[in-house]
K.L.:
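The following block contains the structure, expressed as structure tokens.
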Amino acid sequence: MNATRPRGLTEPAADAAIDAACRDLRLPTMRGAARDQMTHRGFLAELLMAECDDRNRRRSERRIKAAGFPREKALRTFDFDANSAIDPAAIHTLASCDWVRKGLPLCLIGDSGTGMSHLLIALGTEAAMAGFRVKYVLATKLVNELVEAADEKLLTKTIAHYGRVNLLCIDELGYMELDRRGAELLFQVLTEREEKNSMAIASNESFSSWTKTFTDPRLCAAIVDGLTFGGNIIETGSDSYRLAHAKAQLGGG
């Protein structure tokens, strides 16, 4: 016969029981809120809403951490006034993550210092906060990882790993020339994701110059086609606001 818990606990005993139960159940938000005086139903509603908010926040933090962003960048800190080539409305529309939901690609094209990486990380962060699984990687790192995986007979597993995330953010595409093998391996990753999961690419080269990175013209055309079909293209221009900001600081000093 199971022993029943006594009813009608004293206030100190009730406080101790709530504290112990919240510790045991790992409900830190509920434990903190339990000290406030409210009606029973109001108290329960407040506790549950606070716990849901806290769990959602912690899930978002875990997804952002798992994405592997090299630094924290947010849309609220992006200086649209410094780069008139970028339409704020278009960026804020992308922040709704509808394109990620539909599995569409995004290409950010422009010169270094025009905000491509900032926008790539910020939009990836928005996607993680919206509940999507995100992965950020430099193009060179991804290609090197694929080459090593192929050598170690782990290519299928590695491509599947990158194929599972909802949004794959590839930064600094175009900064190096890829040999045919590297280009073909990267193409396999892009093909695995095409029309299923989203990709976001940041490149300092216009599409017409991608033959510098992908030296095989047919392969280059296929990659450009896969990244632009039905997707979004944001051109960040050629005026580096990082350089302009640095010059302004030197001039002001």
K.L.:
Considering only heavy atoms from C-beta outward, does the side chain of W210 approach that of L227 to under 4.5 Å?
P.N.:
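A side-chain contact under 4.5 Å exists here.
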K.L.:
Can you tell whether the side chains of K65 and E61 come within less than 4.0 Å, N to carboxylate O?
P.N.:
no
K.L.:
Side-chain contact test, heavy atoms from C-beta onward, threshold under 4.5 Å: evaluate it for M129 versus R63 and give yes or no.
P.N.:
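Counting from C-beta outward, M129 and R63 never come under 4.5 Å.
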K.L.:
So, for C220 and T211, which heavy atoms are closest and what is the spacing to 0.1 Å?
P.N.:
SG-N, 3.8 Å
K.L.:
Let me see the working for L138 and L142 under side chain to side chain contact (heavy atoms under 4.5 Å, CB included), right down to the final yes or no.
P.N.:
CA-CA 6 Å; L138 293 174; L142 175 58; over 6 Å; no
K.L.:
Do V134 and F69 come close enough that some side-chain heavy atom pair is under 4.5 Å?
P.N.:
yes
K.L.:
Please tell me if the side chains of I121 and T125 come closer than 4.5 Å, counting only heavy atoms from C-beta onward.
P.N.:
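Answer yes - side chains close enough.
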K.L.:
Would you compute the distance between atom CE of M199 and atom CG of N166 and round it to the nearest 0.5 angstrom?
P.N.:
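These two atoms lie 13.5 Å from each other.
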K.L.:
Please examine the side chains of C107 and F207, heavy atoms only from C-beta on, and report whether any two atoms are closer than 4.5 Å.
P.N.:
yes
K.L.:
Considering all heavy atoms of both residues, which atom of G124 and which atom of L167 are nearest to each other, and what is their separation?
P.N.:
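Smallest heavy-atom distance, with atoms named: CA-CD2, 4.0 Å.
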K.L.:
State whether the side chain of N144 and the backbone N or O of T140 hold a donor-acceptor pair below 3.5 Å, judged by distance alone.
P.N.:
yes
K.L.:
Is it the case that the side chain of R133 and the backbone of R164 share a donor-acceptor pair, with hydrogens and angles ignored and the cut-off at 3.5 Å?
P.N.:
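Yes: the side chain of R133 pairs with the backbone of R164.
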K.L.:
Could you tell me whether the side chains of W99 and T93 share a donor-acceptor contact shorter than 3.5 Å?
P.N.:
no
K.L.:
Testing T114, I91, L94 one by one against L119 for a side chain to side chain contact (heavy atoms under 4.5 Å, CB included), which residue passes?
P.N.:
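Among T114, I91, L94, the one meeting side chain to side chain contact (heavy atoms under 4.5 Å, CB included) with L119 is I91.
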K.L.:
Can you name the closest pair of heavy atoms from K212 and T215 and give their distance?
P.N.:
O-CG2, 4.2 Å
K.L.:
Which value, rounded to the nearest 0.5 Å, describes the distance between F214 atom CZ and I223 atom CD1?
P.N.:
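Reported to 0.5 Å precision, the distance equals 4.0 Å.
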K.L.:
Let me confirm one number: the SG-NZ distance from C97 to K102, rounded to the nearest 0.5 Å.
P.N.:
12.5 Å
K.L.:
Counting only N and O atoms by type, is there a donor-acceptor contact under 3.5 Å from the side chain of S60 to the main-chain atoms of N56?
P.N.:
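Here the side-chain-to-backbone pair exists.
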K.L.:
Evaluate the salt bridge (Lys or Arg N to Asp or Glu O under 4.0 Å) criterion for residues K141 and D171: first the C-alpha distance (whole Å), next the side-chain angles of each, then the deciding distance (0.1 Å), finally the verdict.
P.N.:
CA-CA 10 Å; K141 182 179 183 299; D171 205 356; over 6 Å; no
K.L.:
Side chains of T77 and H118: closer than 4.5 Å at any heavy-atom pair?
P.N.:
yes
K.L.:
What heavy-atom pair brings E235 and I86 nearest, and what distance separates the two atoms?
P.N.:
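Between these two residues, the closest heavy atoms are O-CG1, 4.4 Å.
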K.L.:
Can a donor-acceptor pair be found, under 3.5 Å and without considering hydrogens, that links the side chain of K196 to the backbone of E192?
P.N.:
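Yes; judged by distance alone, with no hydrogens or angles, the pair exists.
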K.L.:
Does the ring centre of F78 sit less than 6.0 Å away from the ring centre of H92?
P.N.:
no
K.L.:
Given side chains that start at C-beta, do those of L146 and I159 come closer than 4.5 Å, heavy atoms only?
P.N.:
yes
K.L.:
Mind listing the closest non-hydrogen atom pair of A202 and L120 along with its distance?
P.N.:
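Result for this residue pair: CB-CD2, 4.0 Å.
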K.L.:
Does I201 reach the side chain of L108, with side-chain heavy atoms less than 4.5 Å apart?
P.N.:
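Answer no - side chains too far apart.
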K.L.:
Show the nearest heavy-atom pair for residues A122 and A74, with the distance to one decimal.
P.N.:
CB-C, 3.8 Å
K.L.:
I would like to know whether I170 and V137 meet side chain to side chain contact (heavy atoms under 4.5 Å, CB included); could you show each step before the answer?
P.N.:
CA-CA 5 Å; I170 303 178; V137 65; 4.3 Å; yes
K.L.:
Could you go through L104 and D98, starting from their C-alpha distance and side-chain angles, then the distance that decides it, and tell me whether this counts as side chain to side chain contact (heavy atoms under 4.5 Å, CB included)?
P.N.:
CA-CA 9 Å; L104 299 175; D98 190 51; over 6 Å; no
K.L.:
Determine yes or no for a side-chain-to-main-chain donor-acceptor pair under 3.5 angstrom, with N197 supplying the side chain and G163 the backbone.
P.N.:
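Yes; judged by distance alone, with no hydrogens or angles, the pair exists.
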K.L.:
What distance do F187 atom CZ and R218 atom CZ have between them, rounded to the nearest 0.5 Å?
P.N.:
12.5 Å
K.L.:
Return the CG to CD1 distance between L123 and I234, rounded to the nearest 0.5 Å.
P.N.:
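That separation rounds to 8.5 Å.
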K.L.:
Taking G103's backbone N and O only, do any of them form a donor-acceptor pair with R193's side chain (distance below 3.5 Å, no angle check)?
P.N.:
no
K.L.:
Give, for atom OG1 of T191 and atom CD of E184, the distance between the pair rounded to the nearest 0.5 Å.
P.N.:
11.0 Å
K.L.:
Please confirm whether the backbone N or O of L173 pairs with a side-chain atom of S203, one donor and one acceptor, at under 3.5 Å?
P.N.:
yes
K.L.:
Using the side chain to side chain contact (heavy atoms under 4.5 Å, CB included) rule, take N83 and T236 through it: C-alpha gap first, then chi angles, then the decisive distance, then the call.
P.N.:
CA-CA 8 Å; N83 192 338; T236 60; 4.3 Å; yes
K.L.:
Are L219 and F229 in one and the same hydrophobic cluster, where Ile, Leu, Val, Met, Phe, Trp and Tyr link if side-chain heavy atoms are under 4.5 Å apart?
P.N.:
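Different clusters.
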K.L.:
Using a distance-only test with no angle check, is there a side-chain donor-acceptor pair under 3.5 angstrom linking S112 and N204?
P.N.:
no
